[in-house]
Amino acid sequence: MSAVANTMTNDAILKVEHLSMRFGGLMAINDLSFEVRRGEITALIGPNGAGKTTVFNCITGFYKPTMGMISMQQKSGKSYYLERMADFEVTRDAKVARTFQNIRLFSGLTLLENLLVAQHNALMKASGYTVLGLLGFKSYKDASKEAVEKARYWLEKASLIDRADDPAGDLPYGAQRRLEIARAMCTGPELLCLDEPAAGLNPRESQELNKLLRSIRADNGTSLLLIEHDMSVVMEISDHVVVLEYGQKISDGDPAHVKNDPRVIAAYLGVDDDEVETVRHEVEEGAH
Amino acid sequence: MATVTNPSTVSAGSLTAKALREATFTAVMTFFMFVLFIGLKTDQNMRNELILVPRWGLLATFVAIAFFGRFAMVAWLQPWRAASKAAKDAAPADTSDAGFVKRNFSKLAILALVLYPPIILWLFGAQGSLKYIDNFGIQILIYVMLAWGLNIVVGLAGLLDLGYVAFYAVGAYSYALLSINFGFSFWILLPLAGILSAFWGIILGFPVLRLKGDYLAIVTLAFGEIIRLVLINWQDVTQGTFGISGIPKITLFGIPFDASPHGFAKIFHLPMSSAYYKVFLFYLILLLCLLTAFVTIRLRRLPIGRAWEALREDEIACRSLGINTVTTKLTAFAIGAMFGGFAGSFFAARQGFVSPESFVFLESAVILSIVVLGGMGSLTGIAIAAIAMVGGTELLREMDFLKAVFGPDFTPELYRMLIFGLAMIIMMLVRPRGFVGSREPTAFLFERKSVSGSFTKEGHG
């Protein structure tokens, strides 16, 4: 864990401030503020329909938030306001990569090709925006070899190397999840956003995933933000948990703190009508 | 017990009974379907009155064909296919390497194409070879080139373009107008026509970027019609439906193919013949085709080509990986259109005449069906499909003996579309992914395995 401690500094990599997202009459997110700290694994949890995926889509540029600010602070000191950027710019320039709740792989391309597509922008530059590559310049060949090596590294890391030349659509579900994470990492992100990475995985696959996520943080210094329903994953790997309910933050802190927060328990388990008073009392006590 | 002791004869007997039953049913269906279409024909008599002409004999032929066709299908074809499939499954998997021909297919095909004109000249003489080099060779290669160009847009990027012929028209008219009005040579105008077409590809691309699937198809279809209507109505420039004639021929680095003292035949001390020009055109379009293939193969291994294919598979995932889908789509439109423009300028030079008649929607449909029939994304499959479809059309013209069968008014080429339609339906039933349904990966780590067509997507527009 010492390696982790080294990379862990307390500055925020992503700051979400007063974020609101309205769909017609529905306030999906209401004045949400939280921080993702550099080198940490932050989990965003909450009951179904709490607005977790909406937050993700706002961060990664797929939605334009109604109000609020999302700022990304890179290691180099450059900062970006993500709410002003197009979705592909968020990945290309701000270095925030994401995965999807329903896996989105290029199923007809091989695993290797999937990872090469992810290195599009770097390769595009190396190929002189296609012109030099078309003429067969050496610079592109070198860059393309490097890209294959990078892909090999991630295939090995995700233990998918044996199936490198198979189509992505042919993989079992758990392997597809890992491939999607490897593909997102091939874009060279500083912050990786994972939308329910453990959904549909069996316990063994879940363990492999935890291992992969930990090593991404330890070896590559990438910060992680994940949405998760599987509490065993959340409690085991995350350093920091943010809980949402009805688009609002109800709790924020380390896993142990969140686990014992009565508001979180009430949100997840629900309470009977006659217990509302007691819970409110507990909640107020907890707040003091 | 009899069924158990003697299964083969019993099953054969019940099979015949089943076939008879189904054939009778089919015959009855056919009778009712065709009784008004075929059995009765409306006509006018001498006093301009509408009369019904019964054609029971023809109707009976149709019913009989349906009856025997169904009978043969059920009684013989289906058991035979089941048996051969069972035999194939029972046989051990064929692990031997692909044969020499299969491995070097493209090299052999190019070699055959290079040797095609001399062999034809040797076989049929200068005059007799014209038909084979011009109608079969050049005509098919133009369509191969067009289909390979469209393949970039439809097969790789997955954008359904029904107006591809518009770029062909832009290329053809660019060459026709610029060569007549400004006297530029083909070699300057060929790239220029490509650039102009690419420019129009981008112009089309911009408004349709947000559209997908059916909507994209409709807008591209409309674009094709707009270009054609402009060509018809802008009479000052294009001379409308009269078309532009007298388009200069291509010269071989300044050597014209004519009877003048500086002509090709005189310079090389050959007897005068129009075959040289055709052979020259054949090699020119072959070179253009090879250029298209080379660029397509190279582009597939470049990031832009991979991005096209990724776009076909999943556009949202592309954006999440930092790929600018706007420019990616525009380059697909532009490069596809550019090859259409090359083919167009070659077409204008070869015909010596262009008119809007040559750029109707039917042409787009034929090019698109070549791409679909060949297998989207596969250059080999598309080339085979072009040979089958365009060569098939030309063959129909040759079938004069059919006149003896169906009567002197029978013109086989009018049945072209009927045969196209049938071929498409049969292909979609037998090989829904086209002649070559699998996809060759653009990079590999350990071994190159082609990707089965069941994994690749057709794109969403």
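The sequence lines fix the lettering, A, B, ..., with proteins before strands; numbering per chain opens at 1.
Closest approach of A:Phe106 and B:Ala317 over heavy atoms only: CE2-CB, 3.7 Å.
Looking at A:Ala118, both its backbone and its side chain come within 4.5 Å of chain B, counting heavy atoms on both sides. Using a 4.5 Å cut-off between heavy atoms, A:Leu112 touches chain B through its side chain atoms alone. Looking at B:Arg306, both its backbone and its side chain come within 4.5 Å of chain A, counting heavy atoms on both sides. Heavy atoms closer than 4.5 Å to chain B are found in the side chain of A:Thr187, but not in its backbone. With a threshold of 4.5 angstrom between heavy atoms, A:Asn121 approaches chain B through side-chain atoms but not through N, CA, C or O. Contact of A:Ile161 with chain B is made through backbone and side chain together, with heavy-atom distances under 4.5 Å. Of the two parts of A:Asp93, neither the backbone nor the side chain holds a non-hydrogen atom closer than 4.5 Å to a non-hydrogen atom of chain B.
Few gaps surround CH2 on A:Trp154; more than 12 heavy atoms of other groups in view lie less than 6.0 Å from it. Taking a 6.0 Å sphere around CZ of B:Phe105, one finds it holds 12 or fewer heavy atoms contributed by other residues, nucleotides or ligands. Around the CZ atom of B:Phe199, the shell of radius 6.0 Å holds no more than 12 heavy atoms that belong to other residues, nucleotides or ligands. Counting non-hydrogen atoms of neighbouring residues, nucleotides and ligands closer than 6.0 angstrom, the OH atom of A:Tyr81 reaches no more than 12 such neighbours. Open room surrounds CZ on B:Phe206; 12 or fewer heavy atoms of other groups in view lie less than 6.0 Å from it. Heavy atoms from other residues, nucleotides or ligands lying under 6.0 Å from NZ of A:Lys64 number more than 12.
Here B:Thr327 contributes atom OG1 and A:Met124 contributes atom CE; the two are 6.5 Å apart, rounded to the nearest 0.5 Å. Here the CG-CZ distance, from A:Leu109 to B:Arg439, works out to 4.5 Å after rounding to the nearest 0.5 Å. Atoms OG1 and CG, from B:Thr325 and A:Asp87 in turn, are 7.0 Å apart once rounded to the nearest 0.5 Å.
Between the A:Asp165 side chain and the B:Phe444 main chain, no donor and acceptor come within less than 3.5 Å of each other.
Contacts with chain B (heavy atom to heavy atom, under 4.5 Å) involve these residues of residues 145-152 of chain A, listed by number: A:Val148, A:Arg152. Contacts with chain A (heavy atom to heavy atom, under 4.5 Å) involve these residues of residues 296-304 of chain B, listed by number: B:Arg298, B:Leu299, B:Arg301, B:Leu302, B:Pro303, B:Ile304.
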* To do: Under the side chain to side chain contact (heavy atoms under 4.5 Å, CB included) rule, what do A:His120 and B:Leu321 come out as? Steps first, then yes or no, please.
  => CA-CA 8 Å; A:His120 177 83; B:Leu321 296 175; over 6 Å; no
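By the 4.5 Å heavy-atom criterion applied to side chains, B:Arg319 and A:Thr91 are not counted as neighbours. Taking 4.5 Å as the limit, every side-chain heavy atom of A:Phe88 sits out of range of all side-chain heavy atoms of B:Ile323.
Of the listed residues (A:Pro167, A:Gly169, A:Ala122, A:Ser107), the one with the most heavy-atom contacts under 4.5 Å to chain B is A:Ser107.
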